[in-house]
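Down below is the structure, laid out as structure tokens.
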Amino acid sequence: ESQLIIKERQQTTFQVEELINLLDGGKEKTALRRSIEQTILSDPLMKTDKIGYLTREQKYVQSVRRMMYFFTDLAKRNKWNIEDPHCPEMLFLSRSLSSVVAFMIHMGAFVPSISSFGTLEQVSKWQPLAKECLIIGCYAQTELGHGTNLRRLETTSTFDRNTQEFIVNTPNLSSMKWWPGDMGKSANHAMVMAQLITNGENHGMQAFIVPIRDMTTHKPLPGVEVGNIGSIMSLEDTDNGYLRLNNVRIPKENMLAKYANVDRSGRFQQTGNNRLMYASMMNLRIVLTREQMIHALQKACTIAARYSCVRKQGSLTPNGPEIPIMDYVTQQNKVIPRIALAYALDFTIMEVRHRYVQFLADVTRGDLSNMAEMHAISSGIKANASERTVAGVETLRRACGGHGYSMASGLPYLLLSVTGSCTYEGENTVLYLQVARYLIKTAANISMGKSVDGSSAYLAENTEARCSATSQEEFYDHSLLDACFKHRSKQLLQSVAMDLQGLLAEGKQQMEAWNLLSIQLVNSAKAHIERYIVATSASFVRKLNCSLKVKKLLNQLCSLVALHQITNFPGDFLKDGYLDSHQLDLARKAEVKLLQSLRHNVVGLVDAFDFRDEILGSCIGAYDGNAYERLYDYAKNDVMNKNDVHEESYQYLRPHLHRG
Ligand SMILES: CC(C)(COP(=O)(O)OP(=O)(O)OC[C@H]1O[C@@H](n2cnc3c(N)ncnc32)[C@H](O)[C@@H]1OP(=O)(O)O)[C@@H](O)C(=O)NCCC(=O)NCCSC(=O)/C=C/CCCCCCCCCCCCC(=O)O
Ligand SMILES: Cc1cc2nc3c(=O)[nH]c(=O)nc-3n(C[C@H](O)[C@H](O)[C@H](O)COP(=O)(O)OP(=O)(O)OC[C@H]3O[C@@H](n4cnc5c(N)ncnc54)[C@H](O)[C@@H]3O)c2cc1C
């Protein structure tokens, strides 16, 4: 173990194990997680080859091999409840599985959408098959021509009264399904989102289970053309596919009919709120935020923090001893706010998940009153967490200098893996605009004197016109910081709501006015969600039952998340004079002091994320801090080094060199 990292651990002022337990949800949960990790990581059949050395095809093959073994053997043997995305085992499992993405859509989208859209009878028919992996499904919503605008999907499912079947068609090039994970090569069934047409009338998007490959030969069924969409930026462990359907007939009962059905004569009946067709997307947005984005940020923090403590470069006195780069305040400013953010997002998503579970219970009782708010929160948190994670991982990668550019650091892989999260499961701008839609409606309700509650209640509160802070210390106070965020959000919303009214009064159409103001609308949505994160994480910490040392530390992290946002994006806080430039200076000084105070606990804070070295996959971020030894070892094992003289040298270099 590197002496430097040992020294760092000696400086830690709190019990790391206490924080680990807290993040897991208790001592027993930590033990459960560790035992799951141990089972998975010690199983030779779950082993992955070194990242960065596999071809596209090898990645897919490895991932299918591992996941089939995992679902059909390992998970079963250990009685892990893998199909329930909310069970603690599932959260721990995805951490241990790390990079594997094959069958993520099968388990994460196909299986849950059977119960989201299916009747009890349909669920009992399809779910056991899917859960046992006796059928492999994908979630086929996006088309070549449309991903965001679901109303304009072009795939059709037309009811044939004579045969009591649906005829599913992708009638033109742009209507073919494009992107679904697990579809290109693996799936034999697709959950196809299509326009339902009965008796010549279009009833909008509904879900249909369409068999696409023969269950014996795995060949595409008649009328089906299916394949891989080709090489993509990352996540090549999975087979994102395309699908063309030409008059594919499926039985009537393959339309999932929880909220709408078609009788034998083709008469359409809506039996539930049609927004519930969209609501199923909330689940994956929340799951991905935790499973991918926050974990990726936590891993990147772990790597960058440990490396920054063992990497020495330069000194703080002329000819003085070299210091770990973590002692530079600029380095602290790159690393520590990201650690703080990783904690704040984790606390926030725990609360969001809790609210989502309550929301599902409400829906079961027929109460949809919280749907709009839940949709705004889940969309906003997905957009904000993905955007800040991607930016954060890149900052951390650069904070590791040249070694951050090497695949050996694990950072390029994390960055590439997580960058798609800004696009899939709802493109971020589009999701922010959904939040804005909710906020504008809320503003209208407030102006009509209606009461608002939940996460937007503050929009109806009276707030001070000026921030009261006169000292640095006050900028650590959560209620003062929250007041800054509330004010910014309120002010941005009021301003864009007024501009919208103005444009409408000028005679602009609603959608045109909306488009003209969409940059402001997105900013307003971000401000609301950032306030939600600041408030939710601080209140989560307030309620924690933990030691004073840990509480103090977590309170500091919450303050840092808010302060870092204020000092880096001060414009909207200064705009209407809520903060003045003197207060901004105080906030900046408060932030630097906080960074220095947190400096000694940097390694402890990332150790508490408790990622085993095999999961981190980093030569520079391993627990023992022996970065150089591992980098050297990585280089020596590079495939290009298997011979001293590369074959190509004989073929191309030698003939040239020997010419003279
Ligand atoms: C809502 C749209 C944007 C637009 O629809 P439209 O009908 O036009 O919209 P509106 O008129 O605005 O809305 C109508 C009303 O409906 C309400 N609404 C909208 N959405 C919802 C909802 N979700 N829930 C509830 N209500 C909703 C809205 O508020 C309106 O109500 P009102 O009228 O105001 O009252 C919509 O079309 C849309 O959402 N589009 C986005 C489409 C989308 O999200 N598609 C997703 C496809 S599936 C997908 O993308 C899957 C991706 C999976 C990727 C998995 C990759 C795995 C990678 C693992 C890697 C691990 C690496 C990690 C690194 C490591 O750690 O190792
Ligand atoms: C790795 C990966 C995996 C995926 N897996 C699946 C899957 O399993 N199943 C599936 O069905 N799909 C999947 N998708 C598709 C994904 O859901 C879509 O790509 C995503 O929803 C965005 O839609 P789009 O590609 O049509 O982008 P577009 O909507 O075309 O977005 C392009 C640009 O247009 C802007 N834009 C679009 N509409 C508006 C608007 N109304 N207002 C303002 N700006 C707008 C966007 O902000 C963006 O800047 C996957 C995608 C990726 C990258």
Side-chain angles (χ1 to χ4, degrees), residues 51 94-95 97-106 108-110 113 137-153 177-183 187 190-193 204-205 229 232-238 240-241 243 273-285 287-288 291-300 359 363 368 370-376 378-379 382-383 389 393 410 413-438 440-441 511 514-515 518-519 521-522 611 615-617:
I51 289 166
S94 69
R95 251 179 74 111
L97 293 170
S98 195
S99 64
V100 174
V101 288
F103 307 131
M104 159 107 189
I105 290 296
H106 168 73
F110 183 75
S113 55
C138 57
Y139 183 76
Q141 184 168 281
T142 307
E143 298 174 354
L144 187 56
H146 293 94
T148 293
N149 189 3
L150 299 177
R151 289 189 206 205
R152 290 299 178 98
L153 292 183
K177 295 295 177 186
W178 197 273
W179 269 118
D182 295 330
M183 187 165 86
M191 177 76 65
V192 172
M193 306 308 274
M205 187 179 88
I229 61 168
I232 57 174
M233 191 164 169
S234 180
L235 303 177
E236 291 197 320
D237 316 62
T238 194
N240 294 88
L243 174 71
N273 188 314
N274 61 356
R275 303 224 167 97
L276 288 166
M277 288 304 290
Y278 289 160
S280 68
M281 285 184 282
M282 287 181 199
N283 177 40
L284 206 49
R285 286 175 188 154
V287 169
L288 292 177
E291 301 314 292
Q292 285 176 24
M293 302 162 206
I294 299 176
H295 283 169
L297 185 59
Q298 291 176 338
K299 286 184 197 174
F359 165 73
V363 172
L368 300 185
N370 288 323
M371 183 154 73
E373 191 197 1
M374 199 64 233
H375 168 46
S378 53
S379 300
K382 181 271 180 190
T389 292
V393 174
Y413 171 76
L414 279 176
L415 180 63
L416 287 170
S417 307
V418 85
T419 196
S421 63
C422 296
T423 305
Y424 50 67
E425 211 43 53
E427 194 280 327
N428 279 359
T429 304
V430 171
L431 293 186
Y432 278 132
L433 288 170
Q434 287 290 305
V435 179
R437 183 183 168 104
Y438 163 78
I440 290 289
K441 283 188 173 183
M511 285 168 92
W514 185 265
N515 189 31
S518 53
I519 298 173
L521 287 163
V522 167
F611 285 106
I615 298 176
L616 272 186

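No experiment lies behind these values; they were computed from the predicted model shown. Remember, it's 1-based here, ligands and their atoms both numbered in the order they're listed.
More than 12 heavy atoms of other shown residues, nucleotides or ligands fall within 6.0 angstrom of atom CD1 in Ile232.
Legend: residues meeting side-chain contact (heavy atoms from CB on, under 4.5 Å) with Asn273, ordered by chain and number and at least two apart, are Arg275, Leu276, Leu368, Met371. The side-chain contact (heavy atoms from CB on, under 4.5 Å) test applied to Ser417 returns Ser234, Leu235, Tyr413, not counting sequence neighbours.
Counting heavy atoms closer than 4.0 Å to ligand 1, residue Leu431 contributes nothing at all. Contacts of Asn428 with ligand 2, taken as heavy-atom pairs under 4.0 Å, are absent altogether. The part of Arg285 lying near ligand 1 is the side chain, judged by heavy-atom distances below 4.0 Å. Residue Arg437 touches ligand 1 through its side chain alone, judged by heavy-atom distances below 4.0 Å. With a 4.0 Å cut-off on non-hydrogen atoms, Glu427 does not touch ligand 1 at all.
In terms of protein heavy-atom proximity, atom 15 (C) of ligand 2 is nearest to Thr142 OG1, 3.2 Å. For atom 30 (O) of ligand 2, the nearest protein heavy atom (residue, atom name, distance) is Thr148 OG1, 4.9 Å. For atom 14 (N) of ligand 2, the closest non-hydrogen atom of the protein is Trp179 CB, 3.5 Å. The nearest heavy-atom contact from the protein to atom 3 (C) of ligand 2 is Asn240 ND2, 3.5 Å.
Checked against a 3.5 angstrom limit, the closest N/O atoms of Glu427 and ligand 2 fall inside it. Between Arg151 and ligand 1, a contact under 3.5 Å exists for at least one N or O pair. Any N or O atom pair closer than 3.5 Å counts here, and Ser417 shares no such pair with ligand 1.
When Met277, Gln141, His295, Arg95 are checked for heavy-atom proximity to atom 46 (C) of ligand 1, Gln141 turns out nearest. Nearest residue to atom 49 (C) of ligand 1 from Lys382, Met371, Glu425 is Glu425 (criterion: closest heavy atom). Remark: among candidates Met282, Met104, Arg275, the nearest residue to atom 16 (O) of ligand 1 is Arg275, based on non-hydrogen atoms. Summarising the contacts of atom 44 (N) of ligand 2 with Leu431, Val430, Leu144, the nearest heavy atom is found in Val430. Nearest to atom 57 (C) of ligand 1 by heavy atom, out of His146, Gln292, Met281, is Gln292. Comparing Trp514, Tyr424, Tyr139, Phe110 by heavy-atom distance to atom 2 (C) of ligand 2, the nearest is Tyr424. Atom 26 (O) of ligand 2 has its nearest heavy-atom neighbour, among Pro180, Gly147, Ser417, in Gly147.
Annotation for Leu431 and Lys382: closest pair CD1-CD, 3.4 Å, computed over non-hydrogen atoms. Across all non-hydrogen atoms, the minimal contact from Leu153 to Met205 is CD1-SD, 3.7 Å. Of all heavy-atom pairs spanning Leu433 and Trp514, the tightest one is O-CZ2, 3.6 Å. In plain terms, the two heavy atoms of Ala296 and Val393 that are nearest each other are O-CG2, 4.2 Å. Between Met281 and Leu150, the shortest heavy-atom contact is CE-CD1, 3.7 Å. The two residues Lys299 and Leu414 have their closest heavy-atom pair at CB-CD1, 3.7 Å.
A donor-acceptor pair under 3.5 Å links the side-chain atoms of Asp182 to the main chain of Ile105, judged by distance alone. No donor-acceptor pair under 3.5 Å is formed between the side chain of Thr419 and the backbone N or O of Leu415.
Of all the atoms in ligand 1, the ones that sit under 4.0 Å from a non-hydrogen atom of Gly147 are 42 (C). Every atom of ligand 1 is numbered from 1 in the order shown, and the set under 4.0 Å from a heavy atom of Ile105 is 53 (C). Near Ile105, meaning under 4.0 Å from one of its heavy atoms, ligand 2 places the atoms 8 (O). Within the listing of ligand 2, atoms 11 (O) sit less than 4.0 angstrom from a heavy atom of Gln141. Near Val430, with a cut-off below 4.0 Å to any heavy atom, the atoms of ligand 1 are 3 (C). Atoms of ligand 1 lying under 4.0 Å from at least one heavy atom of Leu235, given by number and element, are 58 (C), 60 (C). Listed by number with element, the atoms of ligand 2 under 4.0 Å from a non-hydrogen atom of Leu433 are 42 (N), 43 (C). The ligand atoms of ligand 1 that sit less than 4.0 angstrom from a heavy atom of Leu414 are 65 (C), 66 (O). Every atom of ligand 2 is numbered from 1 in the order shown, and the set under 4.0 Å from a heavy atom of Glu425 is 17 (O). Applying the 4.0 Å criterion to heavy atoms of Tyr139 picks out, from ligand 1, the atoms 48 (S). Against a heavy-atom cut-off of under 4.0 Å, Lys299 is close to the following atoms of ligand 1: 65 (C), 66 (O), 67 (O). Against a heavy-atom cut-off of under 4.0 Å, Lys441 is close to the following atoms of ligand 1: 32 (P), 33 (O), 34 (O), 35 (O). The contact set between ligand 2 and Gly181, taken as ligand atoms under 4.0 Å from a residue heavy atom, comprises 7 (C), 8 (O). Using a 4.0 Å cut-off to heavy atoms of Thr423, the atoms of ligand 2 that qualify are 19 (O), 20 (C), 21 (O), 22 (C).
In this model, no donor atom of one side chain and acceptor atom of the other lie less than 3.5 Å apart for Glu427 and Tyr432. No donor-acceptor contact under 3.5 angstrom links the side chains of His146 and Thr142, judged on distance only.
Taking the six-membered ring where the residue is Trp, Phe110 and His106 present parallel rings, their angle staying beneath 30° rather than reaching 60°.
Here the rule is side-chain contact (heavy atoms from CB on, under 4.5 Å) with Ser378, and of Glu373, Glu425, Met282 only Met282 fits it.
At a threshold of 4.5 Å between non-hydrogen side-chain atoms, the residues Leu288 and Met104 count as touching.
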